[in-house]
Amino acid sequence: MNNGKFIVVEGVEGAGKSRQCAMLTDALNAAGVDALLTREPGGAPLAEAVRKLLLDPQFSPDAYSELYLYSAARRDHLNKVVFPALENGKTVVCDRFIYSTLAYQGYGRGLDLDFIRKVNECTIAPLKVDLALFIDISPEVGFARKGGADRSDRLERESMEFFGRVYKGFKDMCANGELEPVDGSGEKEQTAYNILRAVRGIL
Ligand code: Z5A
């Protein structure tokens, strides 16, 4: 269905995804590629409302509730923002996507990976991801960059063991080819250059 390209950027907390997605979108637009920046969870009104619920520490959904809430937000985001943009030929840059569900609800929370893959497949159909990048830095470096975990964010209250499992999940997805790793250990400009080099390959 894609007329435009769908590009995903993944990473652990503080990897610089938000910053890099914005830099990439600006670079693409400056180069004459009509690009749209969006994010998950969120990116559309209902999905942004679900995001608030998901990150609110007053709630304690179990792993399945998380999976379905992230998936519901995703479907709304795709219907309202991503599908129309791709049909109009735009290139969409998305900050997090289905790989985060595998990493957090699968590796982090322990849900069955094949089950999550099935849910992801149904949720995003008929979308095909053109490029999925993983900004590779460890959770320790990411949290140090952020100046520590944000205690107002429910997910960031998890233990370092949890984030270690999430990181391993992303690394496994790099090893099996679902994600393409990008070195994120250098300055922002160096990471941006690494990302642009990967994106050039699909445009
Ligand atoms: N989640 C899930 O469980 N399941 C799902 O299916 C999905 C998501 C889609 C919200 O995501 C939470 O939802 C997230 C995963 C879960 N959970 N947690 N925890 P989010 O994307 O909104 O939250 P985040 O990953 O925590 O975002 P973040 O902390 O803002 O990280 P970031 O976007 O990768 O980083 P940044 O804001 O661009 O940069 C962070 C800081 O590092 C900032 O001060 C920068 O100036 C600095 N920085 C950035 N790059 C560099 C370099 N290269 N050097 C030095 N400093 C740097």
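If you read the sequence from its start, that first residue is 1, and numbering goes on from there. What's counted below: heavy atoms across the whole structure, side chains too, no hydrogens, waters or symmetry copies. We count ligands from 1, going down the list as the structure has it; atoms in each ligand are counted the same way.
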Counting heavy atoms only, which of [options] is nearest [atom]?
atom                    : options                       : result
atom 12 (C) of ligand 1 : Thr123, Leu55, Leu67          : Leu55
atom 26 (O) of ligand 1 : Glu156, Gln190, Glu66, Arg109 : Glu156
atom 44 (O) of ligand 1 : Met23, Arg145, Gln105         : Arg145

Which of the ligand 1 atoms, numbered from 1, are nearer than 4.0 Å to a heavy atom of [X]:
X      : result
Ala15  : 34 (O)
Lys188 : 46 (O), 48 (N), 49 (C), 50 (N), 51 (C), 52 (C), 53 (N), 57 (C)
Arg19  : 38 (O)

N/O separation below 3.5 Å, [X] to ligand 1:
X      : answer
Thr101 : yes
Tyr104 : no
Asp153 : no
Gly186 : yes
Lys146 : yes
Phe97  : no

Close side-chain approach of [X] and [Y], heavy atoms under 4.5 Å:
X      : Y      : answer
Glu178 : Glu10  : no
Arg74  : Asn120 : yes
Ser18  : Arg39  : no

Using the test ring pair (Phe, Tyr, Trp, His ring centres under 6.0 Å), find all partners of Phe143 that sit at least two apart in sequence or belong to another chain.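 Result, ring pair (Phe, Tyr, Trp, His ring centres under 6.0 Å) vs Phe143: Phe163.
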
Could you check [atom] against the protein and tell me its nearest heavy-atom contact, residue, atom and distance included?
atom                    : result
atom 18 (N) of ligand 1 : Glu13 OE2, 2.6 Å
atom 30 (O) of ligand 1 : Ser18 OG, 4.0 Å
atom 8 (C) of ligand 1  : Tyr70 CE2, 3.5 Å
atom 36 (P) of ligand 1 : Gly16 CA, 3.7 Å
atom 40 (C) of ligand 1 : Gly14 CA, 3.8 Å
atom 34 (O) of ligand 1 : Lys17 NZ, 2.6 Å

Side chain, backbone, both or neither: which part of [X] comes within less than 4.0 Å of ligand 1 when only heavy atoms are counted?
X      : answer
Arg96  : side chain
Arg74  : side chain
Glu187 : backbone
Arg51  : side chain

Would one find more than 12 heavy atoms of other residues, nucleotides or ligands at under 6.0 Å from atom NZ of Lys146?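 Result for NZ/Lys146: enclosed.
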
Would you indicate whether Phe59, at its atom CZ, is surrounded by more than 12 heavy atoms from other residues, nucleotides or ligands within a distance under 6.0 Å?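 It does: Phe59 CZ has more than 12 such atoms within range.
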
Say whether, by atom type as modelled, one donor and one acceptor occur between the side chain of Glu180 and the main chain of Ala132 under 3.5 angstrom.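 No, Glu180 side chain to Ala132 backbone: no donor-acceptor pair under 3.5 Å.
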
Donor-acceptor contact below 3.5 Å, side chain Asp130 vs main chain Phe6: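 Answer holds: yes.
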
Output yes when a protein non-hydrogen atom is found under 4.0 Å of atom 16 (C) of ligand 1, and no otherwise.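 Yes; the ligand atom in question has protein heavy-atom contact below 4.0 Å.
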
Please verify whether a non-hydrogen atom of Gly108 lies at under 4.0 Å from ligand 1.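 No, Gly108 has no heavy atom closer than 4.0 Å to ligand 1.
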
Contact between ligand 1 and Gly11 is defined here as a heavy atom of the residue under 4.0 Å from a ligand atom; is it met?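 Contact absent.
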
Find out if a path of hydrophobic residues (ILVMFWY) with successive side-chain heavy-atom gaps under 4.5 Å connects Met173 to Val12.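 Yes, it is one cluster - the side chains of Met173 and Val12 are joined through contacts under 4.5 Å.
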
Does Glu66 pair with Arg154 as a salt bridge, N-O distance under 4.0 Å?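 So Glu66 pairs with Arg154 through a salt bridge.
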
Ion pair present between Lys118 and Asp114, side-chain N to carboxylate O less than 4.0 angstrom?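 Salt bridge: no.
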
Does either side chain, that of [X] or that of [Y], offer a donor lying less than 3.5 Å from an acceptor on the other one?
X      : Y     : result
Tyr70  : Arg96 : no
Asp62  : Ser65 : yes
Thr191 : Arg19 : no

Shortest non-hydrogen contact from Thr123 toward Leu78: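 Minimum heavy-atom contact is O-CD1, 3.8 Å.
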
